[in-house]
Amino acid sequence: MKIATWNVNSLNVRLGHVLDWLGAEQPEVLALQEIKMTDDRFPLEAFHEAGYEAIFSGQKTYNGVALISRAPAREVIRDIADLEDPARRILGATIDGVRILDLYVVNGQEVGSEKYAHKLHWLDKVTAHIGGELQQHECFVVLGDFNIAPEDRDVHDPAAWHERILCSTPEREALNRLRALGLEDCYRLFDQDPEQYSWWDYRAAGFRRNLGLRIDLILASTAMARKCTRCWIDKAPRKLERPSDHTPVVAEFDVARTPS
DNA sequence: ATGGTTGTTAAACAA
């Protein structure tokens, strides 16, 4: 079972890339972020023609998440308890017996800002929600654009990014509290080449110079992590004409594998 | 080089 995440930075602009990538990679689940469209504009028919189901939670201009899947999504949620948030950043569903939570984590703009405080609060509430999900679902995956680089090795220039947004200690601690619930960063379950990132700023030729951060993550419950056979970053879409600033991250799970 | 680019939506805002 192949599960992927991709911040597409406008599904209107990136639909062709997404459909091409689905055709090439054939994932069972693709979690999208920043689709930037209202639900009435969602290109459902295009996904159906490609052989996929889709659920989505969108809004005008900003944010917006979607789950594209071979199998239908059950028990869908678009909000969580104790978090009043008009921004469409959360989409949960059960697909093929796996509980999936697609997140577009608040960016936070700048350390110390109002948006930064909101990011930490938002992460607290989402962490509490995930604690409940983990009690109900042994097979659980939370994935998306976390807007946090977990460690300095996930940052092209740790000195330049020291205590800056996406890398600050409080953000990393919030991510660690989430992971401490019993979630593994699938990418780090395996040996990986150094300097592998999932996002590069459009500015200053960031991709060409590999000035990136690894902020797009796939976190799996203990039972799911045991089934994870591979996790990688697919840089191919970032090399295309008019790319998203993010590229897909993919994890493969052997769902038939018996937990030992 | 506190710059640079992209997307949405109408000059600014978010990332």
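Values below: every heavy atom of this structure, side chains too, minus hydrogens, waters and symmetry copies. Numbers restart at 1 for each chain; the letters A, B, ... are given by sequence-line order, proteins then strands.
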(Q) With rounding to the closest Å, how many angstrom separate the C1' atoms on dA15(B) and dG4(B)? (A) 13 Å
Q: Sticking with atom P, work out how far dG7(B) lies from dT2(B), rounded to a whole angstrom.
A: 26 Å
Q. Glu34(A) CD to dA14(B) C1': how many Å, rounded?
A. 8 Å
(Q) Count I, L, V, M, F, W, Y as connected when their side-chain heavy atoms are under 4.5 Å apart, and connections chain through other members. Are Leu32(A) and Val65(A) then in the same cluster? (A) no
Q) Just how far, in rounded Å, is C1' of dA14(B) from CG of Asp201(A)? A) 12 Å
(Q) Measuring to OP1 and OP2 of dT8(B), would you say a side-chain N or O of Lys60(A) lies under 4.0 angstrom away? (A) no
Q: Quick one: label Arg164(A) by what it contacts on the DNA or RNA (base, sugar-phosphate, nothing), any heavy atom closer than 4.0 Å.
A: nothing
Q. Which nucleotide sits closest to the side chain of Ser10(A): dT8(B), dT5(B), dA14(B)?
A. dT8(B)
Q: Please state the P separation for the pair dT5(B) and dA10(B) - nearest whole angstrom.
A: 24 Å
Q) Is it true that the side chains of Glu138(A) and Ser221(A) contain a donor and an acceptor less than 3.5 Å apart? A) no
Q. Should Asp152(A) and Arg172(A) count as an ion pair when the cut-off is N to O under 4.0 Å?
A. yes
Q | Phosphate OP1/OP2 of dG7(B): any Thr61(A) side-chain N/O under 4.0 Å | A | no
Q. Taking CG from Asn7(A) and P from dA15(B), how many angstroms apart are they, rounded to a whole number?
A. 11 Å
Q.
Under 4.0 Å from OP1 or OP2 of dG7(B): is there any side-chain N or O of Arg242(A) that close?
A. yes
**Q.** Spacing of Leu11(A) atom CG relative to dG7(B) atom C1', expressed in whole Å
**A.** 13 Å
**Q.** Which residue lies more 5' along DNA chain B, comparing Ile35(A) with Asn147(A) via nearest heavy atoms
**A.** Ile35(A)
Q: Would you jot down, in residue-number order, the residues of residues 105-114 of chain A having a non-hydrogen atom under 4.0 Å from DNA chain B?
A: Asn107(A)
Q. Rounded to whole angstroms, how far apart are CZ on Arg209(A) and P on dA1(B)?
A. 13 Å
Q. Rounded to the nearest Å, what distance is computed from the CG atom of residue Asp216(A) to the C1' atom of nucleotide dA15(B)?
A. 13 Å
(Q) Would you measure the distance from the P atom in dT8(B) across to the matching atom in dG3(B) and give it in whole Å? (A) 26 Å
**Q.** Sugar-phosphate, base or nothing in reach of Arg14(A), heavy atoms under 4.0 Å
**A.** sugar-phosphate
Q | Integer-rounded Å distance: dG7(B) P and Gln59(A) CD | A | 18 Å
Q: Under the side chain to side chain donor-acceptor pair (under 3.5 Å) rule, collect the residues that match up with Arg14(A), sequence neighbours excluded.
A: none
Q. Which pair of non-hydrogen atoms, one from Pro170(A) and one from Glu163(A), has the smallest distance, and what is that distance?
A. CD-OE1, 4.2 Å
(Q) Using the P atom as the point on both nucleotides, what is the distance between dT9(B) and dA14(B), in whole Å? (A) 14 Å
Q.
Do the side chains of Asp185(A) and Arg214(A) get close enough for a salt bridge, i.e. N-O under 4.0 angstrom?
A. yes
Q.
Regarding Tyr104(A), tell me which of base, sugar-phosphate or nothing describes its non-hydrogen contacts under 4.0 Å with the strands shown.
A. sugar-phosphate
(Q) Is it the case that atom CZ in Arg164(A) sees more than 12 heavy atoms from other parts of the structure closer than 6.0 Å? (A) no
**Q.** Distance, rounded to the nearest Å, where Met37(A) contributes CE and dT9(B) contributes P
**A.** 10 Å
Q: Using the P atom on both, measure dA1(B) against dT6(B) and round to a whole Å.
A: 24 Å
Q. Does Leu189(A) share a hydrophobic cluster with Trp232(A), counting links as ILVMFWY side-chain heavy atoms below 4.5 Å and allowing steps through other members?
A. no
